[in-house]
Amino acid sequence: MSGRQKILVFDSGLGGLTVYRAIRAIRPDADYLYLGDDALFPYGALAPDVLTARVDQVIAEAMADFAADCIVIACNTASTLVLPSLRARYSIPIVGTVPAIKPAAAMTRSGLISVLATPGTVSRDYTQDLIRDFAAGVAVTLVGSKALAGLAERALRGEGLDREAIMAEIAPCFVERDDRRTDVVVLACTHYPLLIDALRDLAPWPVEWIDPAPAIARRVVQVIGERRDRGEGEPVASFTAGEPRETALRSALDRDGFRAFAGAAAR
Ligand code: DGL
């Protein structure tokens with residue numbers, strides 16, 4: 001037993017790495033299990049009951065081996081559904097990732113913001129409630145992208161960056177109305193910050209892209225405390241489709257500190 005705190009970071013695939021990186025930057029002393037349910041990726045089009053049951057199952061299997069002190073659901077598509085059932089089941093802090101509509105509404109000067117997310121996330125009551133509670137007087141364009149998370153996965157796996165396809169997915173975020181233009185885009189899927197350079201490059205005009213990862217990392221520190229010592233914990237990754245083979249992805253995971261892979265959880 002290391003005595004180090006243990007943090008489980010969960011996503012449907014590789015997108016949660018954007019959140020993991022931000023957390024590990026301020027809590028390098030914790031042990032991590034990064035769990036990607038890539039056997040069922042993408043989550044964006046799954047029916048809510050299927051998704052809820054699946055997340056319950058894979059988290060339960062992971063928790064049997066890795067008794068985390070904190071679970072981070074680094075996936076908007078899952079968080080906007082499963083947080084209540086996970087909180088009822090585990091007595092440890094569960095930190096979710098939900099669309100950053102509140103900071104976007106506070107930041108906009110033009111009054112036009114866009115929320116770029118999976119089709120699942122844009123259809124959730126949770127997202128509608130955030131708009132009602134925090135974006136009064138702001139015009140919110142919801143853009144449900146079917147393909148962007150997959151394009152991000154492919155890029156990280158070294159299968160190339162399809163700029164034309166990315167452009168087609170983000171184009172509806174850019175709205176011109178009267179003399180005003182969208183000035184803030186919420187990246188409400190953790191995969192999208194993996195493409196941030198391309199997003200900036202392809203945008204028809206400059207906007208603020210909100211990546212929620214730093215705020216989630218701060219929240220983790222609020223609930224489990226500051227760094228405890230100078231040592232570094234051990235990051236382990238587990239993917240339900242099995243250990244990744246692609247060289248580009250192996251190098252990316254290596255750069256993120258993953259030297260070990262746990263056996264695949266539920267398939
Ligand atoms: N990374 C996930 C999110 O934040 C979803 C990607 C997917 O599986 O469709 O919503």
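Whatever order the structure lists ligands and atoms in, that order sets their numbers, starting from 1.
- In this structure, Val138 is not a member of the same hydrophobic cluster as Val175, with clusters built from ILVMFWY side-chain heavy atoms closer than 4.5 Å.
- Counting heavy atoms under 4.0 Å from ligand 1, residue Ala149 touches it through the side chain alone.
- Shortest contact from atom 7 (C) of ligand 1 to any protein heavy atom: Tyr43 N, 3.3 Å.
- Polar contact check, Thr121 against ligand 1: no nitrogen or oxygen pair lies under 3.5 Å apart.
- A salt bridge is absent between Arg228 and Asp29; no separation between the charged side-chain nitrogens and carboxylate oxygens falls under 4.0 Å.
- Under a 4.0 Å heavy-atom criterion, Pro42 is in contact with ligand 1.
- Backbone and side-chain nitrogen or oxygen atoms of Gly44 are examined, and one is located within less than 3.5 angstrom of a nitrogen or oxygen of ligand 1.
- The ligand atoms of ligand 1 that sit less than 4.0 angstrom from a heavy atom of Ser12 are 5 (C), 6 (C), 7 (C), 8 (O).
- Residue Cys189 approaches ligand 1 through these ligand atoms, each under 4.0 Å from one of its heavy atoms: 1 (N), 2 (C), 3 (C), 4 (O), 5 (C), 6 (C), 10 (O).
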Derivation of the side chain to side chain contact (heavy atoms under 4.5 Å, CB included) call for Leu142 and Ile131: CA-CA 10 Å; Leu142 291 173; Ile131 294 171; 4.0 Å; yes
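- Relative orientation of the Tyr34 and Tyr20 rings is perpendicular, given thresholds of 30° and 60° on the angle between their planes.
- Atom numbering of ligand 1 starts at 1 in the shown order; those under 4.0 Å from a heavy atom of Phe41 are 7 (C), 8 (O).
- The local environment of CZ in Arg109 is sparse, with at most 12 non-hydrogen atoms from other residues, nucleotides or ligands closer than 6.0 Å.
- Contact annotation: Gly13 has no heavy atom less than 4.0 Å from any atom of ligand 1.
- Every N/O-N/O distance between Thr118 and ligand 1 stays at or above 3.5 Å.
- For Arg177, the CZ atom sits in a loose shell: 12 or fewer heavy atoms of surrounding residues, nucleotides or ligands are nearer than 6.0 Å.
- Counting atoms of ligand 1 from 1 in the listed order, those under 4.0 Å from a heavy atom of Asp11 are 1 (N), 2 (C).
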For the pair Arg154 and Asp162, evaluate salt bridge (charged side-chain N to carboxylate O under 4.0 Å, His left out) and give the outcome as yes or no after the intermediate values. CA-CA 9 Å; Arg154 287 213 280 283; Asp162 187 340; 5.6 Å; no
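- Among all protein heavy atoms, the one lying closest to atom 5 (C) of ligand 1 is Thr77 OG1, 3.4 Å.
- Classification of the Trp205-Phe174 ring pair by plane angle, with boundaries at 30° and 60°, yields perpendicular.
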